[in-house]
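What you see is a predicted model; the values in this text were computed from it and never measured. Below, read A as the first sequence line, B as the second, and so on, with proteins coming before strands; counting in each chain starts at 1. Because only heavy atoms are used, hydrogens play no part in the values below, and waters and symmetry mates are left out as well, while side chains stay in.
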There are 2 protein chains.
Amino acid sequence: MSHDTMATLTRETISAAPDPIVRRTLHDELLERLRAMIIDGDLAPGDKVPEKELCERFGVSRTPLREALKVLANDGLVKLTPNRGAMIADLTLEDLEEAFPVMGALEALSGEMACANITDAEIATIKKLHLEMVAHYEARELKPYFRTNQKIHEMLLSAAGNQTLSALYRGLEGRIRQARYLANMSTSRWTQAVREHEQIIAALEARNGAELGAILKSHLANKFETVKEALQDREKS
Amino acid sequence: MSHDTMATLTRETISAAPDPIVRRTLHDELLERLRAMIIDGDLAPGDKVPEKELCERFGVSRTPLREALKVLANDGLVKLTPNRGAMIADLTLEDLEEAFPVMGALEALSGEMACANITDAEIATIKKLHLEMVAHYEARELKPYFRTNQKIHEMLLSAAGNQTLSALYRGLEGRIRQARYLANMSTSRWTQAVREHEQIIAALEARNGAELGAILKSHLANKFETVKEALQDREKS
DNA sequence: ATATTGAATTATGAATTCAATATACATGTC
DNA sequence: GACATGTATATTGAATTCATAATTCAATAT
């Protein structure tokens with residue numbers, strides 16, 4: 001064994017079995033859990049965040065919890081008022097009006113990039129999901145419909161293969177999470193939405209990125225209109 | 001004074017002078033300062049973040065500083081490794097390749113929305129900045145050129161009038177901050193960039209949102225190519 | 001009866017402390 | 001002399017503590 005290969009060999013020996021023990025910080029773990037709680041609605045918008053209670057629940061001290069809250073505040077999921085603590089952010093019409101165009105731009109990009117990178121297998125999976133979704137539409141099953149719908153958009157996003165894009169998109173989605181439960185669509189809008197999804201599939205199969213981007217953008221804009229109406233109705237009551 | 005107007009009057013008296021004392025938390029202040037330090041390059045990529053030193057510098061304890069670091073990590077400006085502390089995030093080619101398309105989408109949206117909302121006065125200001133920038137180009141003053149350039153893009157962004165968009169854009173910009181110092185443009189690229197800026201002004205004056213969006217997108221794509229080359233050169237050395 | 005004031009309680013922001021982990025250094029072995 | 005092992009120091013993550021601000025509630029005045 002010559003001397004100058006030693007170092008290389010040693011490194012290979014070590015890196016041959018790179019199986020590090022994953023250790024997460026409490027802060028990190030809490031961040032994930034709290035995000036999930038907010039997005040799932042366990043912590044409702046407008047709620048005060050009960051620091052003490054959550055600490056007991058998770059069995060941690062206030063320090064890591066508060067660190068997580070600062071991050072969530074930065075992401076817009078909670079509002080922090082000095083000396084008055086944290087509240088789960090409430091969704092205003094203005095928030096929606098700001099978020100949707102940005103979502104549209106990101107979604108369009110996601111479509112464009114997905115067309116460039118997606119595999120045939122992935123397209124097949126999306127088609128299958130699409131058929132599932134249509135079945136839910138025909139059965140008028142709103143919740144399963146939404147769920148499948150979201151899966152399709154998630155797949156497009158991951159097919160785009162851009163972590164930065166995904167992160168921003170998910171961040172925005174978290175903020176407008178409430179909108180989902182609002183959009184009790186009219187039959188005509190629902191039919192239109194399904195038709196738009198047909199177009200999405202077609203553009204995807206043709207791998208026409210520009211087209212897909214445009215469709216997604218207007219699809220989202222239409223969805224926004226639906227949500228906006230629902231939100232305005234709710235605010236009246 | 002009738003009794004039923006009392007409450008109203010009282011409320012008016014209070015809300016007539018809403019001049020709350022602005023109190024910021026240390027965490028918030030630190031966040032701002034650290035961001036500036038990173039973006040200005042006072043803390044260089046790859047540097048370990050000296051917790052203790054910074055605490056002394058700012059005269060605060062570790063708690064608020066660490067809170068700020070978590071937020072910065074969430075934004076991708078620093079990397080946090082458990083038990084090993086924080087490092088200023090280093091910019092890889094992959095980061096750039098991910099960030100630029102997203103920046104492009106956001107910038108395009110910014111242009112579109114700016115056209116819809118911008119005032120004549122704002123257009124005039126931008127034109128003035130543009131002339132300044134051209135002057136710097138002709139004098140071959142790179143740094144002032146960049147600075148003015150950035151001001152123009154900032155104005156477009158604020159003219160778009162979408163806080164969500166601004167926040168995401170600035171976040172991304174912070175991450176690719178290093179790219180600025182890399183882009184030592186060739187003369188031909190520089191000339192091209194100025195020409196593109198002429199087009200930007202033209203589209204803006206015509207208030208042609210779609211056009212402006214498209215120009216900004218390709219403008220950024222071209223810039224990316226320049227930066228990419230510079231980065232590859234640097235990585236070789 | 002209602003509104004206002006002041007004291008007690010609670011919650012928050014930030015500093016400090018403590019335990020666990022990593023790094024640096026020294027010593028011993030081949 | 002190179003490497004490994006053990007020890008000391010420093011740094012980090014998280015709990016605890018402390019001071020201050022906000023909230024609650026009873027007492028008082030209107």
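Under 4.0 angstrom from either OP1 or OP2 of C:dA14 there lies no side-chain N or O belonging to B:T63. Between D:dA15 and A:R62, no contact under 4.0 Å exists linking OP1 or OP2 to a side-chain N or O. Considering only side-chain N and O atoms, A:R23 lies under 4.0 angstrom from the phosphate OP1 or OP2 of C:dA22.
Rounded to an integer number of Å, the gap from B:N83 CG to D:dA10 P is 18 Å. Taking atom CG on A:L65 and atom C1' on C:dA11, their separation rounds to 13 Å, with Å as the unit. Following rounding to the nearest Å, B:R84 (CZ) and C:dT23 (C1') show an atom-to-atom distance of 10 Å. The CG-P distance, from B:L80 to D:dT12, rounds to 10 Å in whole Å. Note: CG (B:L26) to P (D:dA19) measures 17 Å, nearest angstrom. Atom NE2 of A:H27 is separated from atom C1' of D:dA15 by 17 Å (rounded to the nearest Å). Taking atom CE of A:M87 as the reference point, atom C1' of C:dA11 lies 15 Å away to the nearest angstrom. Taking atom CD of residue B:E67 and atom C1' of nucleotide C:dA15, one finds them 12 Å apart after rounding to whole Å.
None of B:E154, B:E107, B:H153 except one satisfies the side chain to side chain donor-acceptor pair (under 3.5 Å) rule with B:Y169; the exception is B:E107.
Between A:R24 and A:E32 there is a salt bridge, since at least one side-chain N of the basic residue sits less than 4.0 Å from a carboxylate O of the acidic one.
Looking at which nucleotide of DNA chain D each of B:V49 and A:K48 is closest to, the 5′-most match is held by B:V49. Nearest-nucleotide positions on DNA chain D place A:T25 closer to the 5' end than the other of A:P82 and A:T25.
Under the Watson-Crick or G-U wobble criterion, with both distances below 3.5 Å, D:dT12 is paired with C:dA19. As the counterpart of D:dT30, C:dA1 is assigned, both hydrogen-bonding distances of the Watson-Crick or G-U wobble pattern falling under 3.5 Å.
Around atom CZ of A:R189, more than 12 heavy atoms belonging to other residues, nucleotides or ligands sit under 6.0 Å away.
The two atoms that bring B:L31 and B:A68 nearest to each other are CD1-O, 3.6 Å, heavy atoms only. Across all their heavy atoms, B:P101 and A:L109 have their closest contact at O-CD2, 3.5 Å.
Considering only the side chain of A:E51, C:dT12 comes nearest among D:dA15, C:dT12, C:dA11.
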